[in-house]
A.B. asks: 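The structure under discussion is supplied below as structure tokens; questions concerning it will follow.
Chain letters run A, B, ... following the sequence lines, proteins first, then strands; residues in each count from 1.
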Amino acid sequence: MTYAQAGRAALAQAMRADQRVVALGEDVGRGGIFGQYQGLADEFGPARVIDAPISEATIMGAAVGMALAGLKPVVEMRVADFALCAMDELVNQAAKARYMFGGQARVPLVARLPIGIWSGAAAQHGQSFEAWFAHVPGLVVVAPATPQDNFTLLQASLACGDPVVYMEHKELWGLQGEVQAAQPAPLGRARIAREGKDVTLVTWSRALHVALACAQDAAAAGISVEVIDLRTIWPWDREAVLQSAAKTRRLLVVHEAVRAAGFGAEIAATVAEELGIPVRRLGGPRIPVGYSRPLEDEARVSMETIQQALRG
Amino acid sequence: MSADRLLSLFHTMARIRAFENAAEEASSGGVAAFGSTLGAAKVRGPLHLSTGQEAVPVGVCANLAAGDAITSTHRGHGHTIAKGASLEPMMCELFGRATGFNGGKGGSMHIADFSVGMLGANGVVAAGIPIAVGAAHAYRITGSKAVIACFFGDGAINRGPFLEGLNWAKIHVLPVLFVCEDNRYSAMTSTDAMTAGPGALARAESLGIAGLACDGNDVEAVHDAAAELLGRIRRGEGPQFLHAITYRVKGHVSVDPAAYRDRCELARALEQDPLALARERFSAHGIAAAELDRIVAQAEAEVAQALRAAAAAPFPDGEAAYTDIQDTGAGQWQ
Ligand SMILES: Cc1ncc(C[n+]2csc(CCOP(=O)(O)OP(=O)(O)O)c2C)c(N)n1
Ligand SMILES: [Mg+2]
């Protein structure tokens with residue numbers, strides 16, 4: 001099944017199992033613009049698959065209220081860029097309620113904020129904000145790279161109990177892959193996507209697929225790359241990364257988000273502090289995503305750049 | 001309305017229609033959404049067409065002077081053309097070329113031509129409302145006589161900036177014409193089902209902003225309503241509101257088949273086509289159909305020329321991606 005279908009299947013299963021799970025957002029009643037809610041309105045009805053006006057602040061804010069009143073809302077933001085219209089509700093309200101109210105309440109909502117450069121969609125539809133949310137105490141941040149993980153991690157996010165910023169990648173919707181329903185993946189656990197011994201490459205989301213292709217090429221050139229798919233950005237799997245880096249003694253972090261102040265810096269700094277080994281990080285240049293292909297391409301981390309970094 | 005005036009409005013509408021048709025054709029496979037897969041389209045990314053809504057920007061902008069301004073939406077080609085932008089740099093922008101208005105940085109969703117007072121399309125619904133209000137506030141502060149028309153969709157009235165922007169404009173008595181282009185849809189959703197109360201104009205009136213509702217497919221009706229409202233604004237009466245009722249003939253984006261809507265509804269709407277309605281008016285003025293055909297052919301030729309220019313124009317260099325982002329705080333900007 002595709003990455004989009006996997007997310008849909010996970011949500012459908014959770015909604016069947018738990019009456020408290022509801023979904024709300026623009027166009028969800030007609031399956032969503034990417035088809036990730038296809039058929040859910042038919043199966044669960046409009047009371048649980050809730051169509052919303054173009055009112056991001058109230059969609060997110062109402063989800064906080066629903067969560068405080070005992071539901072488990074899945075919040076559709078369409079693209080992460082529009083969630084900026086709901087920042088107070090997410091950062092000041094959802095993320096803070098449990099702590100601020102002294103543990104009297106929890107906010108078990110899953111906010112879906114698709115990230116990533118998306119075929120010609122330009123500067124306001126292609127940003128990758130995972131580091132912003134990783135910076136906010138109270139939020140879990142998840143970025144699945146495969147259909148299997150989109151299935152499993154969405155389910156794990158629904159079972160989390162605290163607000164999860166769930167970041168699918170818009171250029172992965174059509175990605176095909178096998179999905180096993182009974183394969184658990186807890187939040188906060190990375191996956192070794194490829195074993196190797198010379199260098200540890202930590203990545204997530206769509207960049208995983210670019211990284212795997214580079215690792216393949218590097219193998220032909222005699223460099224053995226261990227690729228780690230971080231999957232959860234916060235809490236991130238320090239143990240898995242440190243264990244691998246201790247073995248390979250070299251670390252490279254690759255993400256599509258802007259490199260400056262990106263989450264790669266946190267990982268690289270931690271590994272440098274803990275192990276004192278050489279670290280490098282690659283990310284997009286600090287430029288808005290341009291519309292025209294040559295400009296858009298500049299915003300991506302190219303395979304050549306990664307290959308060069310792997311060679312040393 | 002004089003025959004000349006009507007012909008000029010018709011020409012602009014025909015230009016928009018031809019532009020949208022050409023852009024639509026060049027965009028198939030340009031973005032993956034609504035089940036469409038990515039191809040090698042000339043126009044990439046989500047393309048929101050204003051086909052069938054031409055009368056609204058044309059009727060409004062005919063009442064604006066060169067020094068007046070507009071803000072636009074994601075569905076902004078019609079606004080841009082109606083405000084007087086040239087077709088070639090527009091098409092170049094859609095083709096992602098260096099010769100486009102934005103140098104290929106923006107594309108359809110961010111098309112802008114500041115030289116004619118078109119302050120930008122916008123990828124974020126309702127984001128243009130506070131921006132228009134702020135521009136109007138600047139006119140007030142600087143003593144400019146300019147006014148601004150702020151275009152937004154029926155879906156935008158459910159976002160907070162709508163309320164906040166209208167309120168601001170009213171308390172500061174600002175020269176803004178709010179234009180709600182009501183095409184009945186908010187992406188895949190019927191706006192009616194998502195909107196409480198008697199509608200956009202009533203919301204404006206609840207804040208003390210007066211306005212008019214009109215048939216948004218009747219270019220004369222739009223023109224006359226906008227003329228009345230802009231007259232009040234220019235006399236210092238503060239913000240006014242125009243609710244123009246039209247219909248979104250195409251899908252939300254060019255790759256959207258709009259299968260979620262009723263076919264009869266579309267067929268009925270097509271009978272109200274603004275260009276066809278304008279043609280009917282011409283018989284009363286004794287204008288021959290051949291004259292109108294000539295105008296349509298001319299508009300199509302202009303667009304064909306824009307297409308040729310766009311196809312031949314160079315793409316921007318990768319280095320352009322690093323320009324026009326920000327300055328470093330050296331304090332040299334005047
Ligand atoms: C804040 C925000 N939310 C959601 C979207 C996605 N979106 C783009 S256009 C659109 C529908 C807008 O409807 P309307 O304002 O009526 O304009 P129309 O498309 O009908 O011209 C939506 C939901 C967006 N661009 N910005
Ligand atoms: Mg609309």
A.B. asks: Of all of B/Glu319, B/Met188, B/Gln326, B/Met109, which one pairs up most often with chain A through heavy atoms under 4.5 Å apart?
C.D. replies: B/Met188

A.B. asks: Provide the closest heavy-atom pair for B/Ala187 versus A/Asp27 in the form atom of the first, atom of the second, distance.
C.D. replies: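 Nearest pair, atom of B/Ala187 first, then A/Asp27: CB-OD2, 3.1 Å.
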
A.B. asks: Can you say whether A/Trp173 sits under 4.5 Å from chain B via the side chain, the backbone, both, or neither, judging by heavy atoms?
C.D. replies: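 The answer is neither part of A/Trp173.
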
A.B. asks: I need the minimum non-hydrogen distance between A/Ala122 and B/Lys105, along with the two atoms involved.
C.D. replies: CB-O, 4.3 Å

A.B. asks: Does any backbone or side-chain atom of B/Val253 lie under 4.5 Å from a heavy atom of chain A? Answer side chain, backbone, both or neither.
C.D. replies: neither

A.B. asks: B/Gly30, B/Ser108, B/Ala156, B/Ala32: which one forms the most heavy-atom pairs within less than 4.5 Å of chain A?
C.D. replies: B/Ala32

A.B. asks: For the CZ atom of B/Arg44 and the OH atom of A/Tyr291, what is their distance to the nearest 0.5 Å?
C.D. replies: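 One finds 7.0 Å between CZ of B/Arg44 and OH of A/Tyr291.
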
A.B. asks: When rounded to the nearest 0.5 angstrom, what is the spacing between CZ in B/Phe315 and CZ in A/Arg293?
C.D. replies: 9.0 Å

A.B. asks: Ignoring hydrogens and angles, tell me if any N or O in the side chain of A/Ser292 forms a donor-acceptor pair with the backbone of B/Gly96 under 3.5 Å.
C.D. replies: yes

A.B. asks: With distance as the sole test, does A/Gln124 use its side chain to make a donor-acceptor pair with the main-chain N or O of B/Gly123 at under 3.5 Å?
C.D. replies: yes

A.B. asks: Measuring heavy-atom distances to chain A, does B/Asp256 have an atom under 4.5 Å in its side chain, in its backbone, in both, or in neither?
C.D. replies: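 Nothing of B/Asp256, per the 4.5 Å heavy-atom cut-off to chain A.
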
A.B. asks: Measuring from A/Leu295:CG to B/Tyr322:OH, what's the distance to the nearest 0.5 Å?
C.D. replies: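 One finds 10.0 Å between CG of A/Leu295 and OH of B/Tyr322.
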
A.B. asks: Is there side-chain contact between B/Thr195 and A/Pro53, with at least one heavy-atom pair below 4.5 Å?
C.D. replies: no

A.B. asks: Quick check: do A/Ile54 and B/Met194 have side-chain heavy atoms less than 4.5 Å from each other?
C.D. replies: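 No - every pair of side-chain heavy atoms lies 4.5 Å or more apart.
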
A.B. asks: Out of A/Ala299, A/Gly290, A/Ala52, which one racks up the most heavy-atom pairs below 4.5 Å with chain B?
C.D. replies: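 Ranked by contacts with chain B, first place is A/Ala52.
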
A.B. asks: Within the supplied structure, the quantity of interest is the number of heavy atoms (other residues, nucleotides, ligands) at a distance under 6.0 Å from B/Glu25 CD; does it exceed 12?
C.D. replies: no

A.B. asks: Heavy-atom distance under 4.5 Å to chain B: side chain of A/Glu296, backbone, both or neither?
C.D. replies: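 For A/Glu296, the contact with chain B is made by the side chain alone.
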
A.B. asks: Do A/Arg30 and B/Thr189 have side chains that approach each other closer than 4.5 Å (heavy atoms only, starting at C-beta)?
C.D. replies: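 When only atoms from C-beta onward are counted, B/Thr189 and A/Arg30 do touch, with a gap below 4.5 Å.
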
A.B. asks: Do A/Pro294 and B/Asp317 touch side chain to side chain, with heavy atoms closer than 4.5 Å?
C.D. replies: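 Result no, sub-4.5 Å side-chain heavy-atom pair not found.
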
A.B. asks: Heavy-atom distance under 4.5 Å to chain A: side chain of B/Val31, backbone, both or neither?
C.D. replies: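 It is both, since atoms from each part get that close.
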
A.B. asks: Heavy-atom distance under 4.5 Å to chain B: side chain of A/Ala121, backbone, both or neither?
C.D. replies: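 Both parts, heavy atoms under 4.5 Å.
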
A.B. asks: How close do B/Asn158 and A/Ser55 get, heavy atom to heavy atom, and via which atoms?
C.D. replies: O-OG, 2.7 Å

A.B. asks: How about CG on A/Asp88, more than 12 heavy atoms from neighbouring residues, nucleotides or ligands closer than 6.0 Å, or not?
C.D. replies: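 Yes - once you tally the heavy atoms of other residues, nucleotides and ligands closer than 6.0 Å, there are more than 12.
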
A.B. asks: Of the listed residues (A/Cys85, A/Gly174, A/Gly35, A/Pro288), which shares the most heavy-atom pairs with chain B below a 4.5 Å separation?
C.D. replies: A/Cys85

